[in-house]
Amino acid sequence: MASSNNWLFIASLTATYLHYFTCDAFSLSLFSPQRLLTAKIASRPISLTQLHSTNQSPDAPKTPEEDATLQWDLFTRYHAVDGEWWGTWTSYDYMGDVTDTTIAGVSLQPSSDSSTVIHSHRILAASTQSDCNTCFSSSEVKTLPIATYDKSNLGKRHRCAAAGMVVGPSLMRSGSMSTELSLRHGDGRVRVTFVHGPVWERGVEPGSCPPQGLKLFRAMVSKERLRPCTPDDKSAVEGQIQGPPTAEEEQDLMAGSPRFFRGVPPFNWHAKWAGTSWTWGPQTGDRGWAIEEIDEADAWHGRPMGDSSSVWSLRLPGGVLIQCPRVVIGGVSGLCRLAWLPEDDGEIGTITDGNKAKLLRVEASVMALEPMISDDDEDMMVGFHPPSLGSLRCDMLEKVGELEGATLEEREQKAEGYSEYDEATAGEIIERVETAKPTAEGTPTQSPMIVDEKMKAKIKADPRNALDF
């Protein structure tokens with residue numbers, strides 16, 4: 001068990017980009033009371049994960065000033081460091097297809113006394129490959145200034161929880177709303193930005209009334225590695241831009257550095273994980289936990305399709321899984337999630353011998369389209385409240401063993417919603433099928449169904465085969 005000094009924060013972060021987007025597939029039933037109730041229940045399954053609170057730690061912030069200091073410390077420890085986060089910014093559409101790629105770096109440069117951080121983006125406009133496998137010989141790098149942060153303004157859009165961070169929800173001048181999640185491990189980082197835009201029920205003219213939902217229309221993913229800062233002098237840039245991670249450099253990486261170009265079998269997600277969790281909520285504040293074992297209901301990283309049909313998800317090479325709501329509607333919180341397997345178990349006889357697999361997860365709940373009611377007329381809506389961050393959670397876990405008591409196939413079946421069964425259950429199903437006499441209004445009773453030995457064997461193997469009748 002982890003010591004009481006290992007503690008977790010849960011922070012609630014929601015940011016979504018708004019962009020006018022027509023919705024031919026937006027069903028009227030989405031807003032029915034039954035659908036809303038189902039969405040609320042399915043959005044977060046009951047978890048029995050054993051968490052041990054360490055919130056009484058003297059390090060837990062007790063005032064806004066202490067909280068701002070802690071957030072600044074986490075920000076400058078994990079993300080705003082000496083260097084630039086270079087990666088390939090890959091954009092995906094709603095169908096999961098790649099729509100655009102850009103090689104760029106995120107520069108979060110702290111001042112000499114770490115009192116401020118200058119945020120800028122370094123876009124590689126053109127490049128010519130040099131003899132070095134990880135360097136470019138191009139000097140055409142465009143710098144886009146973004147913002148300057150300090151303790152007083154960092155918390156307006158950012159929230160950190162251990163190695164995880166959420167930026168948002170951020171309402172852009174274009175009318176878009178974005179939610180950005182980040183996780184760091186070693187000299188690597190994974191960052192994802194979810195972008196949602198307004199939609200209306202089928203049959204409603206877009207723009208004729210306030211948006212009735214926010215539908216995902218773009219997700220940007222960047223797998224980044226920390227590189228030396230790019231000189232501002234163009235003459236000094238030649239051969240100095242190392243660019244995004246490459247497969248060649250990963251061959252010589254030591255344990256502790258993530259590998260983005262390795263194959264990750266889906267079974268690697270299913271294991272016994274233990275570690276710490278950092279949580280934050282607007283009412284509960286910062287809390288720390290030690291996780292002895294993750295309960296199956298809380299192991300959402302092992303269910304790539306999500307917990308309901310309302311979840312949009314994408315599993316990417318290098319052990320990356322992202323999930324978010326397909327549509328965000330008022331009154332229902334949506335979960336934006338990022339899970340990452342940066343390292344596998346070490347191989348015997350190699351430099352990674354003895355290393356244990358790692359699992360990082362960050363989860364932020366988002367709320368949007370909350371109506372703003374007029375002070376003069378309770379029946380009149382005058383607009384929407386800004387989107388808000390409901391909670392934030394970051395888990396830093398290590399593999400401590402293999403799952404016991406059930407095969408991976410059985411766990412996959414349970415994750416799909418099927419209950420456990422045995423031979424006795426299968427026998428009862430066969431008996432009901434053989435003696436069943438289906439009837440329909442206005443038709444005579446039919447004769448019992450015939451189940452041959454081959455079908456009996458199939459039903460014993462999996463009672464769901466009885467549905468064929």
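This one's a predicted model, so the numbers in the text were calculated from it and none came from an experiment.
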Is the side chain of Q71 donor-acceptor paired with the backbone N or O of C160 at a distance under 3.5 Å, no angle test? yes
Heavy-atom neighbours of L226 CG exceed 12 at 6.0 Å: yes
If every non-hydrogen atom of L108 is compared with every non-hydrogen atom of H79, which pair is closest and at what distance? CD1-O, 3.7 Å
Can the ring centroids of H121 and W89 be said to lie less than 6.0 angstrom from one another? yes
Are the side chain of D395 and the backbone of L360 linked by a donor-acceptor contact shorter than 3.5 Å? no
From CG (L74) to CG (L70), nearest 0.5 Å: 4.5 Å
Are R218 and D93 ion-paired here, with the side-chain N under 4.0 Å from a carboxylate O? no
Could you tell me whether a side-chain N or O of S374 sits under 3.5 Å from a main-chain N or O of D376, the two making a donor and an acceptor? yes
Whether K356 and D344 form a salt bridge (side-chain N of Lys/Arg under 4.0 Å from carboxylate O of Asp/Glu) is what I want to check. no
Straight-line distance of I291 CD1 to E398 CD, nearest 0.5 Å: 13.0 Å
Would you say L214 and V199 make side-chain contact, with heavy atoms under 4.5 Å? no
Would you call R227-E84 a salt bridge at under 4.0 Å N-O? no
List for me each residue that meets side chain to side chain contact (heavy atoms under 4.5 Å, CB included) alongside D379, sequence neighbours excluded, and say none if there are none. D377
So which heavy atom on R303 is nearest to which on Q323, and how close? O-NE2, 2.9 Å
Show the numbers, then the answer: is there a side-chain hydrogen bond (donor to acceptor under 3.5 Å, both in side chains) between R157 and S170? CA-CA 7 Å; R157 297 180 60 239; S170 304; 2.9 Å; yes
Does the side chain of V221 reach to within under 4.5 Å of the side chain of L316, using non-hydrogen atoms? yes
Show the nearest heavy-atom pair for residues F194 and C324, with the distance to one decimal. CD2-SG, 3.6 Å
List the atom of P258, the atom of R225, and the distance in Å for their closest heavy-atom pair. O-NH2, 3.0 Å
Pair W312 + Y92: ring centers closer than 6.0 Å: no
Ion pair R262/E250, N-O distance below 4.0 Å: no
For a 4.5 angstrom cut-off between non-hydrogen side-chain atoms, does Q109 reach D82? yes
In Å, rounded to the nearest 0.5 Å, how long is the span from CG of N355 to NZ of K399? 11.5 Å
Examine distances only and state if a side-chain atom of R122 and a backbone atom of W85 form a donor-acceptor pair shorter than 3.5 Å. no
Check whether more than 12 heavy atoms from other residues, nucleotides or ligands sit under 6.0 Å from atom CG of D375, and answer yes or no. no
Return yes if some donor-acceptor pair links the side-chain N/O of D286 with the main-chain N/O of A161 below 3.5 Å, else return no. no
Rounded to the nearest 0.5 Å, how far does CE of M367 lie from OG of S388? 6.0 Å
Electrostatic pair K151-E65, nearest N-O below 4.0 angstrom: no
With a 4.5 Å limit on heavy-atom distance, are the side chains of I294 and H301 in contact? yes
Using modelled atom types only, decide if a donor and an acceptor are shared between the side chain of T76 and the backbone of W72 within a distance under 3.5 Å. yes
Does any part of the side chain of P325, heavy atoms only, come nearer than 4.5 Å to the side chain of C336, both counted from C-beta? yes
Under 3.5 Å: donor-acceptor pair, side chain of R184, backbone of Y78: yes
Quick one: does R326's side chain have a donor or acceptor within less than 3.5 Å of a partner on Y94's backbone? no
May I ask you to check whether over 12 heavy atoms, not counting those of M372, lie within 6.0 Å of atom CE? yes
Under the 3.5 angstrom rule, does the side chain of E293 hit a backbone N or O of K272 as a donor-acceptor pair? no
Are any non-hydrogen side-chain atoms of R361 and R337 less than 4.5 angstrom apart? no
Hey, are D298 and R393 close enough for a salt bridge, meaning a charged N less than 4.0 Å from a carboxylate O? yes
Do L359 and W269 have side chains that approach each other closer than 4.5 Å (heavy atoms only, starting at C-beta)? yes
Going by atom types only, do S111 and D113 share a side-chain donor-acceptor pair under 3.5 Å? yes
For the side chain of E370 and the backbone of G331, is there at least one donor-acceptor N/O pair under 3.5 Å apart? yes
How long is the gap from CG on L181 to CG on L183, to the nearest 0.5 Å? 7.5 Å
Stepwise, does the side-chain hydrogen bond (donor to acceptor under 3.5 Å, both in side chains) test hold for S308 with S310? CA-CA 5 Å; S308 68; S310 62; 2.7 Å; yes
With a 4.0 Å cut-off on N to O distance, would you call E343 and R259 a salt bridge? no
In terms of heavy-atom contacts, does CE of M381 have more than 12 from other residues, nucleotides or ligands at under 6.0 Å? yes
One should read off an interatomic distance between K223 NZ and T90 OG1, to the nearest 0.5 angstrom, of 8.0 Å
